[in-house]
Amino acid sequence: MKNPCDMKIILGMSGGVDSSVAALLLKRQGFDVTGVFMDNWEESDGEGVCTAAEDREDVRRVCDKIGIPYYTVNFAREYRERVFSYFLAEYAAGRTPNPDVLCNCEIKFKAFLDLAMAVGADFMATGHYARLDLDKSQNRVRLLRARDANKDQTYFLAGLTQAQLERAMFPVGTLEKGEIRKIAGEANLSTALKKDSTGICFIGERNFKRFLMQYLPAQPGDMVTLEGRAVGRHDGLMYYTIGQRRGLKIGGIREGSGESWFVVGKDIKRNLLIVQQGEREELFSLGLYANKINFIAGDPPEKSFACTAKFRYRQADSPVRVTVCGGGIAVDFDRPERAVTPGQWVVLYRGEECLGGGPIDETRPLKKIVLTGV
RNA sequence: UGGGGUGUCGCCAAGCGGCUAAGGCCCCGGAUUUUGAUUCCGGUAUCCGCAGGUUCGAAUCCUGCCACCCCAG
């Protein structure tokens with residue numbers, strides 16, 4: 001084992017508190033830390049608030065304060081080619097992709113990791129809320145949930161492999177968000193009180209629909225009920241996701257129940273958005289199929305096993321049974337699940353350990369959607 | 001231009017002579033959130049198709065007009 005001061009660590013810094021504190025912690029532990037800001041999106045319109053420049057400035061301030069070198073790298077081309085193109089293709093196919101999972105697989109833990117290794121780093125680090133555990137008996141790394149269950153980000157890391165995790169460090173994974181802010185405050189880091197960022201990583205917080213419209217032209221059509229009654233118009237199927245309520249602009253209708261309307265399906269062929277008043281059986285499913293699954297350990301624990309799963313980020317875990325078939329899995333839910341959506345990831349957990357996951361391809365509905373009268 | 005019915009917030013919809021005109025949906029604002037989804041808070045008609053009248057007092061009663069719907073022609 002090398003001395004910490006001989007261990008070179010390249011830390012991905014976003015300009016937020018978490019990676020700022022990660023830098024501070026690594027520095028205090030004596031590592032040879034370098035902060036790197038990733039500039040992965042190039043504004044094509046002047047519309048979105050360009051927070052990237054501010055974020056980079058925050059990285060600079062924090063690194064100066066801590067006394068570590070910092071650099072900026074640009075992976076815009078890689079992001080566009082490996083993440084954004086997939087993102088658009090998925091939307092065009094009527095699915096709801098999760099670009100941030102892919103961003104971790106392709107950019108932060110591939111392009112960035114490769115760069116770190118190329119400059120002679122021993123490890124790369126990020127400000128993700130997650131923990132790693134070396135299982136010596138099996139000689140493998142386990143990905144564990146963050147100590148702060150509320151901020152856990154293992155969902156976004158479920159696509160990573162042993163080769164990637166072996167070289168990763170998550171310095172803030174053992175801390176609570178409150179502690180992070182406290183540490184940042186005590187160290188006088190400029191990001192101590194900075195609001196947590198939301199939105200798609202790199203693309204940031206902006207009018208999502210308008211953003212998508214720049215790349216996928218609107219194709220308006222009808223919103224219909226299961227009985228084929230037209231109750232509104234949609235701007236294009238790609239702007240909606242299963243289970244969505246807001247933005248449908250459907251008020252009360254005669255003989256209606258007075259409940260809210262939800263998206264329950266899409267008829268791509270006829271360009272129809274299928275909606276339903278209230279949350280009924282059609283919104284729930286009993287299972288799903290994911291054709292491409294990544295098991296962090298390299299292999300599934302068994303051919304068939306019980307565990308828990310999330311179908312969207314920040315959902316509570318649901319008990320499920322998994323059956324491996326080929327490179328994919330069939331998942332059976334113990335209880336019907338609401339709005340399980342193709343394109344989103346199913347991520348499996350066993351206790352604290354994240355086993356892996358993959359994009360959802362198909363669901364097994366509680367009640368099949370049959371359009372009549374159209 | 002015979003008969004009947006209806007007109008209350010963007011949409012449904014309570015109210016049928018007396019507190020500052022329910023409620024739901026949509027919408028807007030905020031909280032939560034590295035997927036603008038979900039969820040959670042908060043906000044939104046001084047005014048009831050229009051104009052008169054009756055009354056201490058009307059969205060609620062009366063008269064006229066206008067609009068829409070249905071039946072009959």
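First the proteins, then the strands, lettered A, B, ... as listed; each starts at 1. In this text the structure is predicted, and so the values were computed from the model without any measurement.
In summary, the side chains of Arg312(A) and Thr341(A) do present a donor paired with an acceptor at a separation below 3.5 Å, with no hydrogens or angles considered. Looking only at atom types and distance, the side chain of Arg80(A) has no donor-acceptor partner in the side chain of Asn40(A) under 3.5 Å away. Side-chain contact, Ser20(A) with Thr191(A): a donor N or O sits under 3.5 Å from an acceptor N or O.
For Thr341(A) and A37(B), the shortest distance from a side-chain N or O to OP1 or OP2 is not below 4.0 Å. Contact check, Arg246(A) against C28(B): no side-chain N or O comes under 4.0 Å of OP1 or OP2. Look at Lys151(A) and you'll find a side-chain N or O under 4.0 angstrom from OP1 or OP2 of U33(B). A sub-4.0 Å separation between OP1 or OP2 of U39(B) and a side-chain N or O of Arg245(A) is present.
Counting to the nearest Å, the C1' atom of U34(B) and the NE2 atom of His128(A) are 8 Å from each other. Going from atom OH of Tyr155(A) over to atom C1' of U35(B) covers 8 Å, rounded to whole Å. Between the CH2 atom of Trp261(A) and the C1' atom of C27(B) there is a distance of 17 Å, rounded to whole Å. Protein atom NZ of Lys194(A) is 17 Å distant from nucleotide atom C1' of U33(B), rounded to whole Å. Across the protein-nucleic acid pair, Lys249(A) atom NZ and C12(B) atom P stand 18 Å apart, rounded to whole Å. Between Asn150(A) atom CG and A31(B) atom C1' there is a gap of 13 Å when expressed in whole angstrom units. Taking atom CD1 on Ile107(A) and atom P on U35(B), their separation rounds to 18 Å, with Å as the unit. Rounded to an integer number of Å, the gap from NZ of Lys310(A) to P of U34(B) is 12 Å.
Applying the Watson-Crick and G-U wobble criteria (two distances, each under 3.5 Å), G23(B) pairs with C12(B). U34(B): no Watson-Crick or G-U partner with both key distances under 3.5 Å is found in any strand. Searching all strands for a Watson-Crick or G-U wobble partner of G52(B) with both distances below 3.5 Å returns C62(B). A67(B) and U6(B) make up a base pair, with Watson-Crick or G-U wobble contacts both under 3.5 Å.
Considering only the side chain of Ser260(A), C26(B) comes nearest among A13(B), U38(B), C26(B). The Gln344(A) side chain lies nearest to U35(B) when the options are U35(B), U38(B), C27(B). Considering only the side chain of Asn104(A), U34(B) comes nearest among A13(B), U35(B), U34(B).
Using a 4.0 Å heavy-atom distance criterion, Arg312(A) is classed as a base contact. Here Gly243(A) lies in heavy-atom contact (under 4.0 Å) with sugar-phosphate atoms only. Using a 4.0 Å heavy-atom criterion, one finds that Gly16(A) contacts no nucleic acid atom at all. Heavy atoms of Glu259(A) sit under 4.0 angstrom from primed sugar atoms or phosphate atoms, though from no base atom.
Under a 3.5 Å cut-off, the side chain of Lys292(A) and the backbone N or O of Gly327(A) do not form any donor-acceptor pair.
Each of Ile250(A) and Glu279(A) lies near RNA chain B, and the nucleotide nearest Ile250(A) is the one positioned closer to the 5' end. Comparing Thr241(A) and Gly247(A) by the nucleotide of RNA chain B whose heavy atom lies nearest to each, the residue mapping closer to the 5' end is Gly247(A).
Other residues, nucleotides and ligands place more than 12 heavy atoms under 6.0 Å from the CZ atom of Arg350(A).
The cationic group of Lys310(A) lies under 6.0 Å from the six-membered ring centre of Tyr349(A) and within 45° of the ring axis, placing it in a cation-pi geometry.
Nucleotides A51(B) and U60(B), compared at atom P, are 13 Å apart to the nearest Å. Between A37(B) and A58(B), the distance separating the two C1' atoms is 47 Å to the nearest Å. C19(B) sits 24 Å from G10(B) when the P atoms are compared, rounded to a whole Å. The P atoms of G4(B) and U63(B) are separated by 13 Å, rounded to the nearest whole Å. Rounded to the nearest Å, the gap between the C1' atom of C16(B) and that of C69(B) is 22 Å. Taking the C1' atoms as reference points, U1(B) lies 37 Å from G57(B), given to the whole Å. Remark: the separation of the P atoms in A72(B) and U38(B) is 47 Å, to the nearest Å. Going from the P atom of C25(B) to that of C40(B) covers 10 Å, rounded to whole Å.
Checked against a 6.0 Å centroid threshold, the rings of Phe84(A) and Tyr215(A) count as neighbours.
Screening Leu26(A), Asp122(A), Leu132(A) against Met169(A) for a side-chain contact (heavy atoms from CB on, under 4.5 Å) leaves a single residue, Leu26(A).
Between Gln164(A) and Thr161(A), some side-chain heavy-atom pair lies under the 4.5 Å cut-off.
For RNA chain B, the neighbouring residues in residues 313-320 of chain A, judged by any heavy atom under 4.0 Å, are Tyr313(A), Arg314(A).
Within the model, atoms CG of Leu165(A) and CG of Leu134(A) stand 11.5 Å from one another, a figure rounded to the nearest 0.5 Å.
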